[in-house]
Structures are given as C-alpha cells and as structure tokens.
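Lettering follows sequence order; numbering is per chain, from 1. Values below: all heavy atoms of this structure, side chains included; hydrogens, waters and symmetry mates excluded.
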Amino acid sequence: MLHFELVTPEKLLRSEEVHMVVVPGTEGDFGVLEGHAPFMSTIRDGAIQVYRTEKGEPESIQIRGGFAEVGPKGLTVLAEHAG
Amino acid sequence: MASLKALKIRINSVKSTQKITKAMKMVAAAKLRRAQDAAQNGRPYAERLEAVMAGMAARVGGVGASPLLAGTGKDDVQLLVVATSERGLAGAFNTNIVRAARRKAEELQAQGKTVKFYIAGKKGRVLKRFFPNAILADHDMSAIKAPKFDDARVIADDLIARFGRGEFDVAHLFYSKFVSALVQDPVSQQLIPVPMPAPTKGETSVEAVAEFEPSEEDILDALLPRNVAVQIFRALLENQAGFYGSQMNAMDNATRNAGDMIRRLSIQYNRTRQAAITTELVEIISGAEAL
C-alpha cells in the first residue's frame, strides 16, 4: 500500500494507506503506486484521484496551488486549497 | 468622606465592570482553544514545505536563483512588516510587538538604512505617530475574524509585488510567538530574501530525488512565494492565539482587581453606614436625656 498525505496550510487533510493516486502534474498526469521512485512535481489546478483499492471507484479531490513529493515514505501533496 | 449614596453607586459600577471583564475572559478562553487548534493544524504544512525548500536550496545553490532567495544585493531599504491584532484590551500584547519593531527601526536608522513600515493589523497604527513618513502601506484586516491562508496570501502577494518593483531590499516580519497562554514572545524574522533553513540530515528526501517536473529551479521558484505566504500565515495564527491568551490573562487580572476594589469599597461603605447610625443614636439619646 502507498502512504498518501494531503496537507493544506490550514490542516492535515488526509493521512492514509491507499492503492494508487493519480496526480495532475504540470507536465502531465502521473499515477503513484507503492515503491515509486523519488520524484517531485508541481501540480496544475484540478482533481487528484485517490484509488483506495485496486478495483474500487476513485475518490476525486479538487486541489489548487499544489506540489507533490514522492519519497521513501510515500506521496505527500501540499496544496493551498483542497476539497 | 464620600456619602453613602456615592459609595453605593461606585460599588455597583465596579460590579458591572467586573461582570464584563469576567465575560470577556471566558470568551477569550474559548476562542484561545480554537486559535491554538488552528495553529497546531497549520504546522504539518509549514514543516513539510520547509524540509523540501531546505533540500532544494541546497541542491540548486545560490547561482542564478530568484531574487526572492538571493536578494537584491543591497540592504539599503528595510521593510518592517508589523503584524498585530485588530482589537485591544489584551494587556501589553500589541505594545510589545510595536516596541520590538520600533527598537529594530531605530537600530537600522542608526546604521544609516532607510526604514519603511508595512502595517498588518489595526493596533500597529500607533507606529504612524512615531514614524509618520515611513509608512509604506496599512493593510486593512478588520474583516478577518479567524485568519485563513488566503488572507496571508494577499499580504504575501502584495509584498512580493512591491519587492519586484524595488520598493525595498529586505523585509522583516514582526509578530508575537505563542509560547503558552501566559507567555507571548514578540519575535522578528527575516521574510525576504527567504532565509534558507539549514537542511536537516536524514529528514530531507530531496537528496535521493532523481526526477523533477519541471526543473528544480522552476519548482523552487514556485515554492518561494508560497513560503513567504506560509511564514505570514504562521505569524497570523500565532498572533491570534497569543492575542486571546494575553486577553484572557489581562481580563483575569482585571476581574481580580475589581474583586479587590469591591471588597475595599464595601468595607468603607459599611463603616460609613455604621458611623451614620452611631451618630444618629447619640443624637437620639442625648435628645432624650435633655428632656
């Protein structure tokens, strides 16, 4: 499972284990699964898709002013606005 | 000696003042808890962003970096951003922030620098009296009840735009750090150019990052203004919590003082009344004896 965190300046919105997250990067969408190589990207305004399970329906969260960091601990999305 | 009636009026007036200060204390205590939660909730974002920035700055280095990071190469015009509360009745809370800013301004002026002020919060306006010609802007925050990130963003964007136009070289931010409900610490920190936090070993994952989208420099450029906004947001939250802490404390003192005063006045009232009764009795008795 991938550890996923969504943080806004006002609060820590999500911190959970998910299957996959699809992020609208500035230079194109990218999906992050467990064990993704370390990576950083700015995010264009739009929705990130959170897949809790492999087959389940994704939950989409609107974000603005975002930045994504994939490290050994998982995916962290810093957004100015979310939800 | 004051008349009985005057004393009674006095006691009643102190009593109603005490009721008000007591109510204000309760309200401040309730709001303090909420403000503290807000400050707490803002921490993860600031910490993550700081960690990322530290790693990025170390990688990119100072070469060709944005002026937000490298500065203008001068430090002639210094801007003091003074964040205070909108309302008073909070002890020395605002006075302390303003005093810290004034001290810094005098120090800088002694070094021959030009000092300008950016006022964020109504209570910083007293600075106009001391430095009438140095006020760059007075940012109105009277509509803000609980600071949101957007409020900080507005200030940050304004500052960055002014920085871009060359209105100042260095910006310092003054606010009050919330240590506890009883202790608030007026502090200053450099805002622009963005001071780089020293990279903490092992914490930053940036070292291991192989890929950036777009380039490292572009990401850093996107993050720098955000960092300014986050610093201001943090200052607003700390101020908010500190303000309520200070107000709660001030109102607690006021309530206690009012209590002491009522006690003193009541004793005086009772003595005066007793004296009046005694005089009356003496008059009646001596009148009866005379018959």
Task: chain A contact via B:Phe233 - side chain, backbone, both or neither, heavy atoms under 4.5 Å - done: side chain
- [ ] Please state whether the side chain, the backbone, both or neither of B:Arg43 comes within less than 4.5 Å of a heavy atom of chain A.
- [x] neither
Task: N-O pairing of B:Lys116 and B:Glu167 below 4.0 Å - done: no
TODO: Hey, can you tell me if B:Phe149 and A:His81 have their rings parallel, tilted or perpendicular (30° and 60° cut-offs)?
DONE: perpendicular
Open item on the list: Tell me whether B:Asp37 is salt-bridged to B:Arg33, with the criterion being a basic N under 4.0 Å from an acidic carboxylate O.
Closed with: no
Task: Which atoms of B:Leu237 approach chain A - backbone, side chain, both or neither, heavy atom under 4.5 Å - done: neither
TODO: Please determine, by modelled atom types, if B:His172 and B:Gln190 share a side-chain donor-acceptor pair under 3.5 angstrom.
DONE: no
- [ ] Determine the interplanar angle of the B:Phe163 and B:Phe168 rings, folded into 0 to 90°, and report it as parallel if under 30°, tilted if 30 to 60°, perpendicular if over 60°.
- [x] tilted
- [ ] Please state whether the side chain, the backbone, both or neither of B:Ala46 comes within less than 4.5 Å of a heavy atom of chain A.
- [x] neither
Task: Which atoms of A:Thr42 approach chain B - backbone, side chain, both or neither, heavy atom under 4.5 Å - done: both
- [ ] Among the options A:Pro9, A:Gly25, A:Ala79, A:Ser41, pick out the one with the most heavy-atom pairs lying under 4.5 Å from chain B.
- [x] A:Pro9
TODO: Check each atom of A:Ala68 against the heavy atoms of chain B and say whether the ones under 4.5 Å are side chain, backbone, both or neither.
DONE: neither
Open item on the list: I'd like to verify something: which residue of A:Glu5, A:Lys11, A:Glu27 has the highest number of heavy-atom pairs under 4.5 Å with chain B?
Closed with: A:Glu27
Open item on the list: If we define contacts as heavy-atom pairs under 4.5 Å, which of A:Ala37, A:Gly65, A:Gly28 has the most with chain B?
Closed with: A:Gly65
Task: Pair A:Glu16 + A:Arg52, salt bridge at N-O below 4.0 Å - done: yes
- [ ] Go through the side-chain N and O atoms of B:Tyr45 and A:Glu10 and say whether any donor and acceptor fall under 3.5 Å apart.
- [x] no
